[in-house]
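As structure tokens, the structure follows; a few thoughts come after it.
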Amino acid sequence: MDYDKRVEYVSSYRVFGLYQATLRSIILGIKFHHSKSLAQRLGLAIKDHLWEFIKEMEPDLITFPPLNIRRLWTRGFNHVEEVLKGAGVPYIGVFKRVGFSPPMARLSKEKRQKAVMEYTIREDMLDFLEDKRVLLVDDILTTGATLSRLAYLLLSVGAKEVYAYIIAKD
């Protein structure tokens, strides 16, 4: 499924499905029932679609958004990272998140814009990203604030292009 909404700083992106019915239930199960195995099974389900996009975009590296530290502590894992593992996709965590904003799902568009300012690039990744084609993988596209912020950060340190793969569009 392709989606024509523009996401600032992202050259191109692909969406696996709509955030409804079964896909919504799976994502909620992963996030709120702390099911690492379900995340990995979702990775298997999207594997072919994701790998098709990877082959088309030919990124130098694949990464994902960092979780709020409180959410990571309660859940015990980053759900998008586990989806990537399930899909057999090599990845590198290049971002970190400072601050303690609540989960994005609870925030208005304006508050999301403020919360994404907590994202930054890990110091040890700054030089590594120069001239790279990067693929960001995220679970849900709602306003595009997260992807825009992360893509901006990547481009600001010299990444050549940024693409995104979204599991579900809200």
Problem - Gap between atom NZ of Lys36 and atom CZ of Arg75 - 0.5 Å precision - result: 12.0 Å
Practice task
Check the pair Tyr19 / Leu28 against side-chain contact (heavy atoms from CB on, under 4.5 Å), numbers first and verdict last.
Solution key: CA-CA 10 Å; Tyr19 186 61; Leu28 290 174; 3.3 Å; yes
Fill in the blank from the handout: For Leu23 and Ile167, the nearest pair of non-hydrogen atoms, with its separation, is CD2-O, 3.6 Å
Handout entry: Minimal non-hydrogen separation, Pro65 against Asn78, with atom names
Key = O-ND2, 3.0 Å
Completion exercise
For Arg133 and Lys160, the nearest pair of non-hydrogen atoms, with its separation, is CG-CD, 4.3 Å
Practice task
Give, for atom CZ of Arg14 and atom CG of Leu135, the distance between the pair rounded to the nearest 0.5 Å.
Solution key: 10.5 Å
Completion exercise
Taken to the nearest 0.5 Å, the spacing of Leu126 CG from Ser156 OG works out to 8.5 Å
Problem - Separation between NZ of Lys47 and CG of Leu84, rounded to the nearest 0.5 Å - result: 12.5 Å
Handout entry: Backbone N/O of Asp170 and side chain of Thr142: donor-acceptor pair under 3.5 Å
Key = no
Problem - Any side-chain heavy-atom pair of Phe53 and Lys55 under 4.5 Å - result: no
Problem - Heavy atoms from other residues, nucleotides or ligands near CG of Asp127 exceed 12 (cutoff 6.0 Å) - result: no
Exercise for the section: List the atom of Lys96, the atom of Ile121, and the distance in Å for their closest heavy-atom pair. Expected result: CE-O, 4.2 Å
Handout entry: Test log, rule side-chain contact (heavy atoms from CB on, under 4.5 Å), inputs Lys31 and Ile140
Key = CA-CA 12 Å; Lys31 294 170 98 167; Ile140 303 169; 4.0 Å; yes
Handout entry: Cluster check Leu44, Val89: I/L/V/M/F/W/Y, side chain < 4.5 angstrom
Key = no
Exercise for the section: Kindly give the heavy-atom pair with the smallest separation between Ala151 and Glu8, and that separation in Å. Expected result: CB-O, 4.4 Å
Problem - pair Val83-Asp139: side-chain heavy atoms closer than 4.5 Å - result: no
Completion exercise
In Asp138, Val137, Val80, the residue satisfying side chain to side chain contact (heavy atoms under 4.5 Å, CB included) with Tyr165 is Val137
Handout entry: Phe32 CZ to Ile27 CD1 distance, which is reported to the nearest 0.5 Å
Key = 10.5 Å
Exercise for the section: Report yes if some heavy atom in the side chain of Phe64 is under 4.5 Å from a heavy atom in the side chain of Leu150; otherwise report no. Expected result: no
Problem - Backbone of Ile92 reached by a side-chain donor or acceptor of Thr63 within 3.5 Å - result: yes
Handout entry: Min side-chain heavy-atom separation Glu161-Met57 under 4.5 Å
Key = no
Handout entry: Close side-chain approach of Leu129 to Leu61, heavy-atom, < 4.5 Å
Key = yes
Handout entry: Set of side chain to side chain donor-acceptor pair (under 3.5 Å) partners for Arg149, sequence neighbours left out
Key = none
Problem - Spacing of Leu136 atom CG and Tyr13 atom OH [to the nearest 0.5 Å] - result: 13.0 Å
Exercise for the section: Taking all non-hydrogen atoms of both residues into account, name the closest pair between Leu50 and Ala87 and its distance. Expected result: CD2-CB, 4.2 Å
Problem - Val10 side chain near Ser148 side chain, heavy-atom distance below 4.5 Å - result: no
Fill in the blank from the handout: Applying side chain to side chain donor-acceptor pair (under 3.5 Å) to Glu81 and not counting sequence neighbours gives Tyr91
Handout entry: Aromatic ring proximity, centroids under 6.0 angstrom, Phe95 and Tyr119
Key = no
Handout entry: Ile30 side chain near Phe77 side chain, heavy-atom distance below 4.5 Å
Key = yes
